[in-house]
Amino acid sequence: MVKDSILRPSREKFKKVKSRFSHEQLNKTILFFLIVMLPIIAIDVAGRQEIFPVPETLMKILEGIIVVLISYGLATLFIRLSINFIIDKFEFIGQPEERILLSKLYIFLVYMLATVIVFLHMGIGMQNVALFLGLTATGFAFAIRDVVLSYIIWFMLLTKKPFKIGDYINVADQEGQVKHIGMFYVVVDASPDTYADYTKIPNKIFLEKPIRNYGHGKFFSTFDFYLKSVPTDIMERLERVREKGSTLRGTDATFYLNSDSDGVKITVEFKTVYEDRAILRDRLMSIMLQEFYINT
């Protein structure tokens, strides 16, 4: 149930991609295509049949417009007829976000093919087409380099999978459960039980900062408890701390003496789920305060 609630936003988004290409949308596309095409074709036919004079320059422009409209119109029609089939094929492949990415790549490739057909029909050779597309892509990528970088990082997050939806992560001092992996932001919720608060982390942060993935289950946490003075019965007190710590529900804590340049300390390691980490840390801290300060 928990996993299903976590993935529900992405599933709903995936359904929206599919519903976008319904029969009603298909009919609207065909109607729009006919409304735009018919007047242009009528003028072109009238000019060729010399029903009324049409300048040669205008005829070439109309011919180019017809090629563009037919190419992209057929591409749009093909996408709307086939996208539901493609989405159904992706339904059981990976995470919902990955299936959305595959659907968008499919749409992009169909339109790219339509662009190549337009160029070839206009007499532009494949070498020139490749050069033009390369220069266009380079200029466009430079103009929106931040958007392109964010998109690339999104693609890397979905394919390399440093974390998944539902994992608890820590990156750039932001911590919480991953709720959504988008093209520009990753939504992280530090308190998953409440939905009013969340953090949007820009995708580029995941390329610049180290990512700590706590996963779904229990993970180790640690903190240091410094002693102002070392009591003579420190070992007896530490043993009592261990006994009390072992009675806490949902934790597996270990305590051992340690020291550094700041002084003598007790290092505490405990294993728990993310949601209970802060509570158990407070309880462990309370136990040590009672043994080393309050009861002294």
Side-chain angles (χ1 to χ4, degrees), residues 9-49 51 54 57-137 139-141 143-144 147-148 151-152 154-155 158-159 182-184:
S10 294
R11 288 175 178 170
E12 291 299 326
K13 186 176 179 181
F14 190 60
K15 289 179 180 178
K16 287 180 182 179
V17 174
K18 187 173 180 178
S19 63
R20 193 184 306 162
F21 301 98
S22 61
H23 291 296
E24 183 180 354
Q25 291 288 336
L26 180 62
N27 293 334
K28 289 181 179 179
T29 301
I30 296 174
L31 181 61
F32 176 79
F33 181 72
L34 292 175
I35 291 174
V36 174
M37 282 292 297
L38 287 177
I40 298 175
I41 293 175
I43 295 173
D44 182 69
V45 171
R48 293 178 184 277
Q49 298 296 327
I51 297 175
V54 179
T57 303
L58 180 59
M59 289 291 294
K60 291 182 178 180
I61 293 174
L62 290 176
E63 183 179 352
I65 293 174
I66 291 172
V67 171
V68 171
L69 288 177
I70 290 177
S71 299
Y72 286 104
L74 291 177
T76 303
L77 185 63
F78 178 77
I79 289 171
R80 294 191 184 277
L81 289 173
S82 62
I83 190 65
N84 288 339
F85 173 79
I86 297 297
I87 289 177
D88 289 338
K89 289 296 182 183
F90 292 156
E91 188 173 359
F92 301 103
I93 300 177
Q95 299 293 324
E97 293 287 351
E98 295 177 74
R99 299 196 289 272
I100 293 171
L101 174 62
L102 290 172
S103 302
K104 291 184 177 180
L105 286 176
Y106 170 74
I107 294 171
F108 173 78
L109 289 175
V110 173
Y111 280 122
M112 182 61 68
L113 179 61
T115 302
V116 172
I117 293 173
V118 169
F119 285 154
L120 292 177
H121 191 276
M122 292 180 176
I124 303 175
M126 281 301 298
Q127 185 175 359
N128 292 329
V129 170
L131 179 62
F132 174 80
L133 291 177
L135 291 174
T136 303
F140 185 73
I144 57 170
V147 176
V148 173
Y151 191 89
I152 292 173
W154 175 59
F155 181 83
L158 294 180
T159 54
M183 284 188 291
F184 302 105

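Considering CZ of F78 and CD1 of I107, their distance stands at 11.5 Å, rounded to 0.5 Å. Here the straight-line distance linking atom CG of L74 with atom CG of L113 works out to 11.0 Å at 0.5 Å rounding.
Counting heavy-atom neighbours within 6.0 Å of Y111 OH, excluding the residue itself, gives a total above 12.
With S71 as the fixed residue, the side chain to side chain contact (heavy atoms under 4.5 Å, CB included) test singles out one of T76, T115, V116, I117: I117.
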